[in-house]
Amino acid sequence: MSTRHEVAADVVKKILSLLPGVDCCGLGGCGKKSCQECAEAIAATGNVAMCPAVSQETADEMASVLDVPSVEVKDEIAFISCAGSAAGKARFAACKSCKEAVETGFTRGECKSGCVGVGSCMDVCKFDAMKLENGKVYIDREKCTGCGACANAEACPQHIVRMIPRDATNFIPCSSTEEDDELVRKLCGFGCIACGECERACPEGAVSIIDNHAVIDYEKCVGCVACTVKCKKKIIVDTLHDLTALKDKVAFVRCSGGNRASEKYKEMGIQTCDEAAKLNPKDYGLCTTGCLGQGKCTTVCRYGALAIVNGTAKVDPDKCVGCKDCTYACPKNLIVMVPYKGQKLVPCASTDDYEDKAAVCDSGCIACGDCKANCPNGAIYADGKHAVIDPEICEDCNVCQYMCARGVIKELEVPEHIFLQREALGMVEGE
């Protein structure tokens, strides 16, 4: 007959055989230095949920071995709460560890809270669940066991790897602690600006603003789309619905001036909008208010909704999610937000006199007033030397387009699915 010590050793051996079998080297969520120590602790305490990497089936089996009641285990996976590249990833590429990168320090214009992209989390992952591509760490949901080693401060000094429920559907990939929301927009297109819209919209009180960024409490989250819909920057990821079309407003470029400016600046060797904006357009026979055509707005757009077409930025309203990042990027302030509904728009912001305008552009508004005089709803007014259509009053008739001798006024086309999605999600006008 076995002694008590021999029985205990057998039990520990059995528990050890049920554990994942890959040692987390003291970094895992169990808090033990090795799987052997974890097995001994489970055998001694009966806590079958001590190892976060075990499945419910395994926990039940361990409970049977120990003759104790089983408990519900948390099925979690790792999530990197950063989706940008503003933390100096390229500069830190030569560092040996994330800790070394952070200790090196951040420079002006870099996010101090983001992923530095060296990959120390990958070094501690024993399940081959993480990979590094172009400075971005990707997690394989199928391989991740939720051991928590990558979330340990030794692996991630930025504390941006968080454990979340495997069945979670809403995610906020940002950990920015920056207080200035405009600076956040300039630093990173994925940055949370802590506006609080998601927090106010959540019916379960599951979203809170902590250290200037939104955080989801998954104990309360029921997976609705309220936070995703209300997010001003559209950074909240929702895996249940395609919300790229669910927005109130989209970007619109107030210029349709063609490639004259773009080609001129390229001839001069200018490659950015910021460089071009420092010059006086009149010195080169160009429109003083037109699109510079170098594509700064396209670089900040995360959804491929902006492109330079014939030298001028154009927005695909179906792809645009209304995050407003492009409005901050344009040095000419040409991009504005307009309601995402079928309506007429004037793609011109020129304040030049008619003669000057006609000399540099053949598609600009000449402020003749015909559209304003014939609008049956009084939805058109003059702003300086160009027409503006009030979207709240416009009823989307075609009179202004018919009266415009230059064919300047355009129509914002909206696909039918926007209305179908709103109806399906029970949304009302204005949401």
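If you read the sequence from its start, that first residue is 1, and numbering goes on from there.
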Legend entry - Glu110 side chain to Thr107 side chain, donor-acceptor N/O pair below 3.5 angstrom: yes
Inset, instruction - For Glu37 and Ser34, test the side chains for any donor-to-acceptor distance below 3.5 angstrom and give the result as yes or no. - result: no
Report yes or no: does [X] contribute a side-chain atom to a donor-acceptor pair with the main-chain N or O of [Y] at less than 3.5 Å?
X: Asn170; Y: Cys224; answer: yes
X: Lys296; Y: Gly293; answer: no
X: Lys74; Y: Pro52; answer: no
X: Arg254; Y: Asn333; answer: yes
X: Glu219; Y: Asp217; answer: no
X: Lys372; Y: Val388; answer: no
X: Thr312; Y: Cys291; answer: no
X: Lys89; Y: Gly84; answer: yes

I'd like a table of donor-acceptor pairs (distance under 3.5 Å, sequence neighbours excluded) in which one partner is a side-chain atom from residues 114-132, with atom names and distances.
from, atom 1, to, atom 2, distance (Å)
Ser120, OG, Cys98, N, 2.8
Asp128, OD2, Lys143, NZ, 3.3
Lys131, NZ, Glu133, OE2, 3.4

Side chains of [X] and [Y] in contact at under 4.5 Å (non-hydrogen atoms):
X: Cys273; Y: Pro331; result: yes
X: Leu279; Y: Leu286; result: no
X: Val184; Y: His213; result: no
X: Cys397; Y: Pro376; result: yes

Set of residues satisfying side-chain contact (heavy atoms from CB on, under 4.5 Å) with respect to [X], sequence neighbours excluded:
X: Phe190; value: Ala83, Cys188, Arg302
X: Asp167; value: Pro165
X: Cys38; value: Leu19, Cys30, Lys32, Ile42, Met50, Cys51

Inset, instruction - Could you list all the ring-ring contact (aromatic ring centres under 6.0 Å, His included) pairs where at least one residue sits in residues 248-285, not counting sequence neighbours? - result: none
Legend entry - Contact list for residues 359-394, test ring-ring contact (aromatic ring centres under 6.0 Å, His included), sequence neighbours left out: none
Inset, instruction - Please list, chain by chain and in numerical order, all residues satisfying ring-ring contact (aromatic ring centres under 6.0 Å, His included) with Phe106, sequence neighbours excluded. - result: Phe92
Could you measure the distance from the [atom1] atom of [X] to the [atom2] atom of [Y]? Nearest 0.5 Å is fine.
X: Lys314; Y: Leu306; atom1: NZ; atom2: CG; result: 11.0 Å
X: Asp370; Y: Cys375; atom1: CG; atom2: SG; result: 13.0 Å
X: Ile380; Y: Cys394; atom1: CD1; atom2: SG; result: 7.5 Å
X: Gln158; Y: Cys156; atom1: CD; atom2: SG; result: 6.5 Å
X: Thr145; Y: Asp75; atom1: OG1; atom2: CG; result: 10.0 Å
X: Lys186; Y: Asp181; atom1: NZ; atom2: CG; result: 10.5 Å

Non-hydrogen atoms of [X] and [Y] that approach each other most closely:
X: Ile235; Y: Gly189; result: CG2-O, 4.0 Å
X: Cys144; Y: Arg166; result: O-NH2, 2.8 Å
X: Ile80; Y: Val161; result: CG1-CG2, 4.2 Å
X: Ser363; Y: Gly257; result: OG-CA, 3.6 Å

Only distances under 3.5 Å count here; give the side-chain donor-acceptor pairs of residues 193-209 to other protein atoms, sequence neighbours excluded, each with its distance to 0.1 Å.
from, atom 1, to, atom 2, distance (Å)
Glu197, OE2, Arg200, NH2, 3.4
Arg200, NH2, Cys195, O, 3.0

Legend entry - side chain to side chain donor-acceptor pair (under 3.5 Å) partners of Arg406, counting only residues at least two apart: none
Legend entry - Listed partners of Asn398 passing side chain to side chain donor-acceptor pair (under 3.5 Å), at least two apart: Lys344
Inset, instruction - Decide if atom CD of Gln401 counts as having more than 12 heavy atoms of other residues, nucleotides or ligands within a radius under 6.0 Å. - result: yes
Inset, instruction - Any salt bridge (charged side-chain N to carboxylate O under 4.0 Å, His left out) involving residues 345-356? Give me the pairs, sequence neighbours left out, ordered by first then second residue. - result: Asp353-Lys385
Legend entry - Glu72/Gln56 under side-chain contact (heavy atoms from CB on, under 4.5 Å): CA gap, chis, key distance, verdict: CA-CA 7 Å; Glu72 184 177 353; Gln56 186 65 56; 3.9 Å; yes
Inset, instruction - For Asp396 and Glu411, run side-chain contact (heavy atoms from CB on, under 4.5 Å): C-alpha distance rounded to whole Å, both residues' side-chain angles, the deciding distance at 0.1 Å, then the answer. - result: CA-CA 8 Å; Asp396 199 32; Glu411 180 176 1; 4.0 Å; yes
Expected list for residues 171-179: side-chain donor-acceptor pairs under 3.5 angstrom, two or more places apart:
from, atom 1, to, atom 2, distance (Å)
Ser175, OG, Ser81, O, 2.8
Ser175, OG, Ser81, OG, 2.7
Ser175, OG, Arg162, NH2, 3.3
Ser176, OG, Glu178, N, 3.2
Thr177, OG1, Ser113, OG, 3.0
Glu178, OE2, Asp180, N, 3.1

